[in-house]
Each structure stands twice: as structure tokens, then as C-alpha cells.
Trainee: 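Dropping the structure in here first, questions after.
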Amino acid sequence: MTVVERPRALADQIRPEPSFGKRVGHYVRRHPGGVLGSMLVLLIVLVAIFANQIAGQDPTALNPAERLAGPSAAHRFGTDNFGRDLFSRTVHGTRISLGVGFGVSLAALLGGIIFGLLAGYYRRLDAPLMRLMDAVMAFPGIILAIGIVAATGQSIANVILALGVVYIPRVARLVRSVVLSVREQAFIEAARAIGVRDWRLLGRHILPSSWSPIIVQGTFVFAEGVLGEATLSFLGVGPPPIYPSWGTILSEARPFIREAPWMMILPGIALTVTVLSLNLMGDGLRDLLDPRLRRRA
Amino acid sequence: MTRYIIRRLLLAIPVMLLVAVTTFLLLHMTPGDPVSVLLGPDATVEQIDQMREALGLNDPVHVQLLNWFRNLAHGDLGESIFLDKPVTEAIAERAQPTLLLTFLASLVAICVGLPFGVISAVRRGSTIDIGAMLVAMVGISMPTFWLGLNLIFIFGVKLRWLPVQGYQPLSEGLWTSLRYLIMPALTLGAAQGALLARMTRSMMLEVLHEDYVRTARAKGVSERRVILRHALRNAFIPLVTVIGLTFAVLISGAVVTEQVFGIPGAGQLLIRAVNRRDFPLIQGIVLIVALLYVIINLIVDLIYVFLDPRIHYS
């Protein structure tokens, strides 16, 4: 997974960088995990888009006659305690997981970029902003999210907000570190010398040079957001229980673990595979976009 | 050294105060009110007002905050609104399973993560390395509570080796308590172990390329000694930091794990306190978690001294 830097012959060093296409081809062979992860993510996105066609049945249709029924021809993965089809619920759960995960990574990136740019660029804001980020980071994440959801009410938007706040500090620290290294470079000084305004300097000159690590971090936050939503739902403080979230299905499965163990199989696998794919994709992107960042920031 | 420890503990006081004030203000600024939860939807306006007055919730926020600090100076964290007992007592009753669980989970994480990380780095590219890193990747991605549910199904429901849920205090005997905590500790420790294995591997890979490792090999030190004494010891410093920092993660995880295994611990207490907006109880738990966090960071800094003789505190 990591690239060892060996001393190269001089001829190798002056050879121009291989083309992007060549690098991708080389990469597919060297990082099968990243490729597999990206393909799985694509597949999961397709499942979310075509959930209605794939599921075939209504995920919320109650059917007391077939409650807690094991896998059968009509219900390939069995039914839950209300007789709802578990396959259909899991397929529809993809939308919630991906939607919330994407929202969380967007919120965390937006907040993190703003805080990171301010802290990295304005020396006077650096210490107070970063101590604030430290305080948020030190606080157990799920507890903070529970607190925010409890205060603002259970809705999808509030879950996204709560988890977004939890992951802002990571992005902010990353952006800040990139800004600190870019800030002193000659082209920034040149831009400032010709009178470019601060906000334009930050947005047009400093931010573009930090996109690679930000995208990589965004993928990991996406994965954490999916996990976080499932955890909140499992604890009963996620999106309202009418949504077939994977975490909600699993929390409903907990009391029936003796009678209906099949309830926990499919949503659990879906959750693990989704998070795993996103993590693999993140690892792969990191190696592709930024070979220097070998460890997770 | 003693002086350093005392200074660090004194420096922690402003941090704790900041945590306390922030929590206090956050709790009082956000909507939601313990009294309406306590009295239910049928309560009259007079009843609610009377209750608020009795609990001191009608005072301005700064007065409430000052009162809380005055009590804190006497070691009093106040009374829980719902449990009819002092916050300190409520927390003390619930602390044992949580502390034991967190400790056992860290033990699991270290015992699994360190050896596999080192072996993977030393035998880089081998079957063990690839296998261990695949398992670690799955371990990081698998939600804690789903792993817990699977363990319950296998060891509790199918094999009937371990109790499915609940907890017995240590006074019932060490083994009795441990039986209840084996599955939760594995559940909570797994993800941390996986993370630690990955970290250890990449730290070791970095260190194994250092000049002093080559020197040690060149002067004929046995490979085993090179790895354990020369490489691992140097990789340890960042790793100890990581282990210390995972404390916050473990506390989050403990909340979830206690819910999965029905353990009456501090995590359960906190979730209930948040849902009912039991202000003094939330305040108390947050303050104690922050205190533990400060202490663990201090211990991490002190461990550095033993790992690296160049580090001095005075």
C-alpha cells in the first residue's frame, strides 16, 4: 500500500512525469483495493438511485400476518417485527446512508475549509480557532452529536448538522496545515503585491493548491458520516424512525436476536461494505493524488 | 518531576473551567427543558413555574453558573433532577462497568494491534501482512454495534458460552464481572486494535529505514533485538500519543457498546441524561470525562520520559 522511495538513477530522475493515463494504468495494477473500492462505491450509488426498481416491494408496507418470517421466496431476506420486507428496507436504506454521509462530508468540508483558511491565513485568529477545534475534537464525537440532535430535534438535516460539526476540526486542521505551507510561497507574495484582495487570494490562489488532501479527507469523512448516522439511528437519536435507515433496522433487530437473527444480517453487511468501500476508495485516492500523504492526517 | 506533575495539574484547571462553562452555556442556550419532561404534558403553567423556581432554573444564567461553581468548590456537583440523588453518587454507582470496559478494550486493542502491526511491517508484503491489513481494514469499517450483535448471536445465543446482556458488579467476584464484559471489550477493542495495527505498521516501516537501524544491524545486533529495542522503541513515542488520544474514541464507543449489551454504565446514564435534559448530571459527567482526558494526557507525557531518555521535564 505504501511506496518506498528508492534512490533512482539520474536518467530516471530527469525523465518527464508520465502522462495521467499512464499513471492511472500503473495505479490500477498497484492498488487493486482503491479500484475495487471505487467500483463498489459506484455500484452502491446505483443501488441508491434505482432503489425502487431493485427493491420491488414497498419498504414500509406492514404485513402482520408475515411478521418475523424467515427468508422465503416472497421475502428473500425475511421480514421484520412488523412484517416489512427486509431486502426492500435495506435497499432503500442505501439512500439514507449515502445521503446523510454525503451531507456530512459537505458540511464538514465547508466548515473545515472556512475555519482552516482563516486560522492558517490570519495569525491572530490561529490560536483561538485551533483551540476551539481541539476542544471539539477532545469531546467524544458521538456524545456531542447526540447532544446536538437532542437539542435541535430528530430530523435528517439536524443529524447531518450534528455529525458535520463533529468532523469539522479534522478538515480544519488539514486545511490550516496546507495554508501555512503555501502562504509563504513566492506566488502568494506576488499576488499580494499586485493588490489581490484577501478573500480572492484565499479562494483563487491558496485553496486550489489544497484540493487533493481535502478530497481525500472528504472521502474518509463520508465513510465516518455513514457510520455516525447508523450509530445515531441505532441509539434511537438518528433520523425519525419512519426512514428505513440501516442503523434503525439493526436497533429493531436487537430484541429479536433469538427469534429472528436474519434481521441483522443484510443491513449489517450493507453498512460494512459501504464504509469499507469508501475507506478503500479514500486510501486509493490518497495514493493517487498525494503520494506524500501516506498516513491518514 | 513532582513539580512538573503539579504544574500540569494546575494548568488543567483553566481548561476544565472552560469545558464546564462551555457545556453550561450550550445546555442553557439550546431549547428543551427538564421541567416539561419531568412533569409531563398535562402540567399547568403554575406547576411548571413552581418547579422551575425550586430547581433554580428561573435565575439568570450567570447566577446559575456562579451557584454551580460555588458548589463545585466544595466538591459538590449538585443534585440530579430525575434520580433524586447527588450527581457524584449517580456517577459513582455507574462508573465501575464503564471504567473496567474501557480498560479491557484498550488491553484488547494493544494486545492485538501492536504485535500484528510489528509483524506486518517486518514481513512486509507477506501473506500475514496482507491478511492482517485486510482484517484491519474491515475492522475499521465495521460498525461497533453490528460486531457486538454478531458476537451476541454466536457466543450468547448459539454457543451459550457467555451472558447475552447485563452486568454483575465486581463484588460478585472478578470472573462473574469479566464474563459479562468479555464480549463488550472485544467489541469495543476491535476497531481500536485495527487502527493501532495500521498505525504501528506505518510507524515501524518508517523507523526501519532509519540510519540507526542499519547501524545496529551492521554491528551484529540480533534481528529480534533490532526490531524490539531499536525500531519499536522509537516507533513507540507517536504510538503512545495515539493510544492516549483514542481515549475520547473509547468513551464514545463505550456509550454505544453499553447500549448493545445492556450494561448499566455511565454511558447509558449519559444518554438518558441528555434525552431528559438532566442539566446537573450532564454537566457532571462531561466534567469528569474532561478530567480523565487531562489525566490520561499527562500520563502519556510521563511515559515519554521512560521511552526516550532525551526528554526531560523540569
Side-chain angles (χ1 to χ4, degrees), chain A residues 1-2 4-5 33 37 131-132 134-153 166 223 226-228 230-232 234-237 246-247 250-251 253-254 257-259 261 263-265 267-269 271-280 283 294-296, chain B residues 15 18-19 22-23 26-27 29-32 124 133-134 137-138 140-150 152-153 156-158 164 195 198-199 201-203 205-206 209 245 247-256 259-260 262 267 270-271 274-275 277 282 285-286 289-290 293-294 297:
Chain A
M1 230 181 276
T2 46
V4 191
E5 287 180 11
R131 291 299 80 73
L132 179 70
D134 286 350
V136 176
M137 252 186 152
F139 208 84
I142 280 300
I143 297 172
L144 181 60
I146 293 172
I148 298 175
V149 175
T152 51
V166 171
V226 170
L227 262 185
T231 307
L232 287 179
F234 182 76
L235 294 174
V237 283
W246 293 335
L250 286 172
S251 86
R254 170 76 180 86
I257 196 161
R258 275 171 212 280
E259 303 101 299
M263 271 181 79
M264 64 178 217
I265 295 171
I269 292 176
L271 195 46
T272 308
V273 170
T274 304
V275 179
L276 182 66
S277 312
L278 285 165
N279 276 333
L280 284 174
D283 268 356
R294 274 176 297 158
R295 281 195 309 273
R296 216 183 262 211
Chain B
V15 176
L18 194 69
V19 170
T22 316
T23 327
L26 269 179
L27 283 176
M29 273 184 328
T30 49
R124 178 155 182 236
M133 286 307 115
L134 275 178
M137 194 71 199
V138 175
I140 292 177
S141 308
M142 190 187 280
T144 317
F145 56 89
W146 192 55
L147 176 61
L149 289 178
N150 282 309
I152 292 178
F153 181 67
V157 177
K158 282 281 149 193
V164 170
L195 196 67
R198 281 164 60 101
M199 294 291 255
R201 181 178 181 273
S202 63
M203 293 289 166
L205 282 178
E206 233 161 71
H209 285 285
L245 283 176
F247 176 70
V249 182
L250 280 179
I251 291 284
S252 281
V255 173
V256 179
Q259 203 74 11
V260 177
L270 179 60
I271 289 195
V274 168
N275 283 337
R277 312 198 62 74
I282 303 176
I285 296 176
V286 168
V289 169
Y293 193 75
V294 168
N297 273 320

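Every chain is numbered from 1 and lettered A, B, ... according to where its sequence line falls, protein lines coming before strand lines.
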Trainee: Which of the residues A:Ile142, A:Ile257, A:Leu278, A:Val226 is involved in the greatest number of heavy-atom pairs with chain B at under 4.5 angstrom?
Mentor: A:Ile257
Trainee: Where on B:Ile271 is there a heavy atom nearer than 4.5 Å to chain A: the side chain, the backbone, both, or neither?
Mentor: side chain
Trainee: Could you look at A:Ile269 and say if it's the side chain, the backbone, both or neither that has a heavy atom under 4.5 Å from chain B?
Mentor: both
Trainee: Would you mind checking which part of A:Val237 comes under 4.5 Å of any heavy atom in chain B, side chain (CB onward), backbone (N, CA, C, O), both or neither?
Mentor: side chain
Trainee: Can you name the closest pair of heavy atoms from A:Asn279 and B:Ser141 and give their distance?
Mentor: ND2-OG, 3.1 Å
Trainee: Is the shortest side-chain heavy-atom distance between B:Met137 and A:Asp283 below 4.5 Å?
Mentor: yes
Trainee: Distance from B:Ile140 atom CD1 to A:Leu227 atom CG, nearest 0.5 Å?
Mentor: 10.5 Å
Trainee: Just give me the residue among B:Val286, B:Val260, B:Ile282, B:Val255 that pairs up with chain A most often, heavy atom to heavy atom, under 4.5 Å.
Mentor: B:Val260
Trainee: Non-hydrogen atoms of chain B under 4.5 Å away: do they reach the side chain of A:Ala223, the backbone, both or neither?
Mentor: neither
Trainee: Using the side chain to side chain contact (heavy atoms under 4.5 Å, CB included) rule, pick out the option among A:Val275, A:Leu271, A:Leu250 that qualifies with B:Pro143.
Mentor: A:Leu271
Trainee: Please flag which part of A:Ile148 lies under 4.5 Å from any non-hydrogen atom of chain B: side chain, backbone, both or neither.
Mentor: neither
Trainee: So does A:Met264 get a backbone contact from the side chain of B:Trp146, meaning a donor-acceptor N/O pair under 3.5 Å?
Mentor: yes
Trainee: Answer with side chain, backbone, both or neither: which region of B:Val164 has an atom nearer than 4.5 Å to a non-hydrogen atom of chain A?
Mentor: both
Trainee: If you measure from CG on A:Leu235 to CD on B:Gln259, what distance do you get to the nearest 0.5 Å?
Mentor: 5.5 Å
Trainee: Output yes when a side-chain donor or acceptor of B:Ser252 lies under 3.5 Å from a complementary backbone atom of A:Gly141, and no otherwise.
Mentor: yes
Trainee: List the steps and the verdict of side chain to side chain contact (heavy atoms under 4.5 Å, CB included) for B:Thr144 and A:Thr231.
Mentor: CA-CA 8 Å; B:Thr144 317; A:Thr231 307; over 6 Å; no
Trainee: Side chain, backbone, both or neither: which part of B:Leu270 has a heavy atom under 4.5 Å from chain A?
Mentor: side chain
Trainee: Does B:Leu149 offer a backbone N or O that forms a donor-acceptor pair with the side chain of A:Arg254 under 3.5 Å?
Mentor: no
